[in-house]
Amino acid sequence: MNRLQFRLVLSLVLLTGLAAAAHAEWLQPDPSYRDAQQDLRYAVRDTIGHPNDVGRLDSVGVALLRLARFDEASRVFNQIAAIDPSDGASRAGRGKLALFADQPALAESLLSGLEANDPSAASDLFAARLRQGKYAAAAGMTSLVNQEGRRELLTRLSQRAPYEITAGPDHATVQFARSYPVVLVAVKLNGQRVLMAVDTGASDLILDDMAFRHLKVSPVAGQSVVFWSGSHVAVRNALVQRLEIGGLKLENCPAGVMKLGRWSLDVNPQSERVSGIIGLNLLRRFSATLDFEKLKLELRRPGTAWSPTAATVTRVPFQLWGENELTVYGTIGQGRKMAMVVQTGVPGCGVGA
């Protein structure tokens, strides 16, 4: 074997070894998950022989919650509630589980009174009040959850409810202007036709700063931090006066304003600039369907009768985390079950967990 052949063989051996190591590492739980598993083992060990010790049971329940073993966590928290209904950790845990199940009224009743001493409970209570449309109460919590920039916007929403449907059919259909890499639809924003993306990973509307200026959208004092496209971004607050989608007319739509030029090039290259994003808070006002087979968005008003054909439907349970993060569970390869946020507006991303 000459020197060149030896180097090639050695390189292949090294690459094979590195690939095997990377593959083995990929199949291992991440360090935070291993730590959570260890915390649970310690908590269970310390609880043996102390079945009514609330503090020890709290540790077990919180560890189960961190590992997404929600049924077991719920049983532990309910056991604690039977012993001590006022226990804060148990109330916070049950409140979070109620929020995941989209039971915000129950979550609020469990979490109220915990917000001053528990930052996680404060965030969950803030989200529960937002989901119920209790904007004045949420505005009063902005300093507790480090969202002072949203106070003015939430105060405005308490004076007039957002996404008011003023006209339109019970069932609206809009053809996709583009389906890949993200769904784009034509809408009217303040009376002018624009392209907007539909993204289940956004909360309210997100507007491009150029469209904000050109269409004379109403600014609102302050800035917000929103979860979008896999990260948290700062946006300027605004209220869209009028938005029309397939004949449905909505008013007073909260929005965040930021530069979307580079993102627009990714989602609609060499074509019309995308003016913004329609998020989950608007979609949840309706029974919304993103039909990728027929390339259309359907919006049905609450109470409109509809049921999908059973033979063509696979139902996937989901949870709502935080204010409205649409979350499902799945596995990648042979890995463990992981939580995955469903976002339809991230170009170039297949799966993130």
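A side-chain donor from one of Ser203 and Asn324 sits under 3.5 Å from a side-chain acceptor of the other. Side-chain N/O atoms of Gln241 and Asn190 include a donor and acceptor closer than 3.5 Å. Between the side chains of Ser224 and Asn237, at least one donor-acceptor pair of N or O atoms lies under 3.5 Å. A donor-acceptor contact closer than 3.5 angstrom is absent between the side chains of Arg129 and Gln132.
For the pair Thr166/Leu250, no side-chain contact is recorded, criterion being any heavy-atom separation below 4.5 Å from C-beta on. The shortest side-chain heavy-atom distance between Asp266 and Val182 does not fall under the 4.5 Å cut-off. Side chains of Trp263 and Val274 form a contact here, defined as non-hydrogen atoms less than 4.5 Å apart.
The closest donor-acceptor contact from the side chain of Thr142 to the backbone of Arg151 lies at 3.5 Å or more, if one exists at all. Between the side chain of Ser158 and the main chain of Thr155, a donor-acceptor pair closer than 3.5 Å is present. Side chain of Ser90 to backbone of Asp87: no donor-acceptor contact under 3.5 angstrom is found. Looking only at distances, a side-chain donor or acceptor of Gln343 sits under 3.5 Å from a matching main-chain atom of Gly230.
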Chi angles and distances behind the side-chain hydrogen bond (donor to acceptor under 3.5 Å, both in side chains) call for Asn268, Arg178:
CA-CA 8 Å; Asn268 201 30; Arg178 189 181 188 116; 3.1 Å; yes

Check the pair Glu244, Arg242 against salt bridge (charged side-chain N to carboxylate O under 4.0 Å, His left out), reporting the backbone distance first and the verdict last.
CA-CA 7 Å; Glu244 183 176 340; Arg242 300 180 307 281; over 6 Å; no

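By the neighbour-count criterion of 12 heavy atoms within 6.0 Å, atom CE of Met210 is sparsely surrounded, having that number or fewer from other residues, nucleotides or ligands. Other residues, nucleotides and ligands place more than 12 heavy atoms under 6.0 Å from the OH atom of Tyr329.
A continuous path of Ile, Leu, Val, Met, Phe, Trp and Tyr side chains, each step under 4.5 Å between heavy atoms, connects Phe318 with Met338, placing both in one hydrophobic cluster.
Scanning both residues, Cys253 and Leu243, for their nearest heavy atoms gives SG-CB, 4.2 Å.
Using the six-membered ring where Trp is involved, Phe100 and Trp321 have ring planes that are parallel, under 30° apart on the 30 and 60° scheme.
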